[in-house]
Amino acid sequence: MNPAVVLLAAGSGSRFGNSTNKVWLPLAGKSVICRTIENAHTAFPEAKLLLIINPDDEVMAREIISKEIPNIKIEITYGGDTRHASEYKALMFLKDEIESSAIDIVLIHDGARPLASPALYRKIAEVAASKGGAIPTTAINPNEIDMSYEKTIVRVQTPQGFRAKELLTAYINAERDDFTGTDTGACVEKYFPSMKATAVDAEVTNLKITYAQDLELAEKLLS
């Protein structure tokens, strides 16, 4: 495999209740995003790492990364107004390497999920390479849903991984059609319906830092 890992960190801190994007907040001695980057790097020490940021955060981002993880090489580019737009921009940044097969698997991960283990990154990449796509999922407690619904319902996490050329083509077609998927898997499924992502057991601790209490829980999990 020749994977690339895209880390999405172009959002705002609106739901967290902070004027700063929560990925730049401290978590047990390091920023949330640097903990995310470390786990991705541990999973794939030689892989290309690409961080997607808001342009307003660039000076802060470079300062924090150079201070906290100076020995990890990561490239930075700007995201868009939505998650889908940020994914598209990331794939355009990687386009030449994908088309030349220098990158054959792309994992897209929320920068605000700092506890995803290196083992989960590797499992997603392995399944994506063999099946075309992989997403981590957890089953929803039956008490949480309307049991009259006939299909199995799961919660979806990241990283989500896909074969790079199909992923790139899907997002180019989505841009042409003005289509926005609910997540990476939805966009791929629209343009490659036969390449459904394979569900991989997710990690209970792979929480997303969305609200202040999530940061507190992550602190406890790390300790």
Side-chain angles (χ1 to χ4, degrees), residues 5-43 49-54 56-58 60-61 63-65 67-69 72 74 76 79-87 90 107-124 134-145 153-161 181-186 197 199-223:
V5 182
V6 173
L7 301 173
L8 302 175
S12 67
S14 57
R15 283 187 292 176
F16 190 89
N18 195 299
S19 59
T20 302
N21 183 345
K22 66 265 186 182
V23 302
W24 306 111
L25 297 177
L27 172 60
K30 285 185 179 177
S31 63
V32 169
I33 194 63
C34 285
R35 291 197 171 276
T36 304
I37 294 168
E38 280 185 322
N39 283 344
H41 175 71
T42 300
L49 302 181
L50 178 61
L51 179 63
I52 311 302
I53 65 167
N54 185 309
D56 293 341
D57 292 341
E58 182 171 8
M60 174 178 61
E63 287 179 353
I64 289 174
I65 289 169
K67 178 182 178 182
E68 295 185 359
I69 48 172
I72 296 179
I74 184 163
I76 295 175
D81 294 333
T82 65
R83 178 194 183 88
H84 181 95
S86 290
E87 291 174 333
L107 278 69
I108 297 183
H109 185 51
D110 295 323
R113 288 187 184 271
L115 304 186
S117 73
L120 180 60
Y121 283 93
R122 289 191 291 266
K123 182 64 174 177
I124 292 294
I135 56 174
T137 65
T138 57
I140 289 181
N141 186 321
N143 295 326
E144 298 180 52
I145 61 174
I153 300 177
V154 296
R155 286 192 178 92
V156 173
Q157 298 180 356
T158 66
Q160 298 184 16
T182 53
D183 66 358
T184 318
V200 172
D201 287 341
E203 297 172 338
V204 176
T205 54
N206 184 20
L207 78 164
K208 185 176 182 182
I209 309 296
T210 303
Y211 303 104
Q213 58 265 34
D214 299 324
L215 194 61
E216 294 172 7
L217 178 56
E219 291 266 4
K220 291 178 182 178
L221 289 169
L222 282 170
S223 65

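For the numbers below, each heavy atom of this structure counts, side chains included, while hydrogens, waters and symmetry mates do not. Quick note: residue numbers are just sequence positions, from 1.
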Self-check item: Sub-4.5 Å side-chain heavy-atom contact between Ile108 and Thr158
Solution: no

Practice problem: Under the side chain to side chain donor-acceptor pair (under 3.5 Å) rule, collect the residues that match up with Glu58, sequence neighbours excluded. | Solution: Arg62, Tyr78

Exercise. Considering non-hydrogen atoms only, spot the tightest contact between Ser86 and Gly79 and give its length.
Key: OG-CA, 3.4 Å

Exercise. Could I get the full list of salt bridge (charged side-chain N to carboxylate O under 4.0 Å, His left out) partners for Arg35, not counting sequence neighbours?
Key: none

Practice problem: Mind checking side chain to side chain contact (heavy atoms under 4.5 Å, CB included) for Leu217 and listing every partner two or more places apart, or none if nothing turns up? | Solution: Leu207, Leu221

Self-check item: His41: partners by ring pair (Phe, Tyr, Trp, His ring centres under 6.0 Å), with sequence neighbours left out
Solution: none

Practice problem: May I ask you to test the Leu115-Leu222 pair for a side-chain heavy-atom distance under 4.5 Å? | Solution: yes

Practice problem: Can you sort out the partners of Glu216 under salt bridge (charged side-chain N to carboxylate O under 4.0 Å, His left out), two or more places apart, ordered by chain and number? | Solution: none

Quiz prompt | Closest non-hydrogen atom pair between Ala134 and Val200, with its separation | solution = CB-CG2, 4.1 Å

Quiz item: Of the non-hydrogen atoms in Glu203 and Gln157, which two are nearest, and what is the gap between them?
Solution: O-NE2, 3.0 Å

Quiz item: Listed by chain and number, what are the side chain to side chain contact (heavy atoms under 4.5 Å, CB included) partners of Ala85, not counting sequence neighbours?
Solution: Thr82

Self-check item: Distance-minimising heavy-atom pair for Ile53 and Ala61
Solution: CD1-CB, 4.3 Å

Quiz prompt | Reference residue Ile74; test side chain to side chain contact (heavy atoms under 4.5 Å, CB included); the match among Leu50, Ile65, Val5, Ile33 | solution = Ile65

Quiz item: Are any of the side-chain heavy atoms of Ile135 and Thr184 separated by less than 4.5 Å?
Solution: no

Practice problem: With sequence neighbours excluded, tell me which residues meet side chain to side chain contact (heavy atoms under 4.5 Å, CB included) with Ala116. | Solution: His109, Leu120, Tyr121, Pro159, Asn206

Self-check item: Residues forming a salt bridge (charged side-chain N to carboxylate O under 4.0 Å, His left out) with Glu219, sequence neighbours excluded
Solution: none

Quiz item: How would you list, by chain and number, every residue that makes a side chain to side chain contact (heavy atoms under 4.5 Å, CB included) with Pro118, sequence neighbours excluded?
Solution: Asn39, Thr42, Ala43, Arg122

Exercise. Side-chain contact test, heavy atoms from C-beta onward, threshold under 4.5 Å: evaluate it for Asn54 versus Asn21 and give yes or no.
Key: no

Quiz item: So, Glu38 side chain and Ile69 main chain: donor-acceptor pair closer than 3.5 Å or not?
Solution: no

Self-check item: Min side-chain heavy-atom separation Ile72-Leu49 under 4.5 Å
Solution: yes

Quiz prompt | Partner residues of Ser31 under the side chain to side chain donor-acceptor pair (under 3.5 Å) criterion, sequence neighbours left out | solution = Glu68

Quiz prompt | Validation row: Val6, Glu87 side chains within 4.5 angstrom (heavy atoms) | solution = no

Quiz item: Do you know which two heavy atoms are closest between Gly111 and Val23, and how far apart they sit?
Solution: C-CG1, 3.9 Å

Practice problem: Tell me, please, which residues at least two apart from Lys123 pass salt bridge (charged side-chain N to carboxylate O under 4.0 Å, His left out). | Solution: none

Self-check item: Residues that Asp183 engages under side chain to side chain donor-acceptor pair (under 3.5 Å), provided they are two or more places apart
Solution: Gln160

Self-check item: Stepwise side chain to side chain contact (heavy atoms under 4.5 Å, CB included) test for Leu8 and Arg83
Solution: CA-CA 8 Å; Leu8 302 175; Arg83 178 194 183 88; 3.7 Å; yes

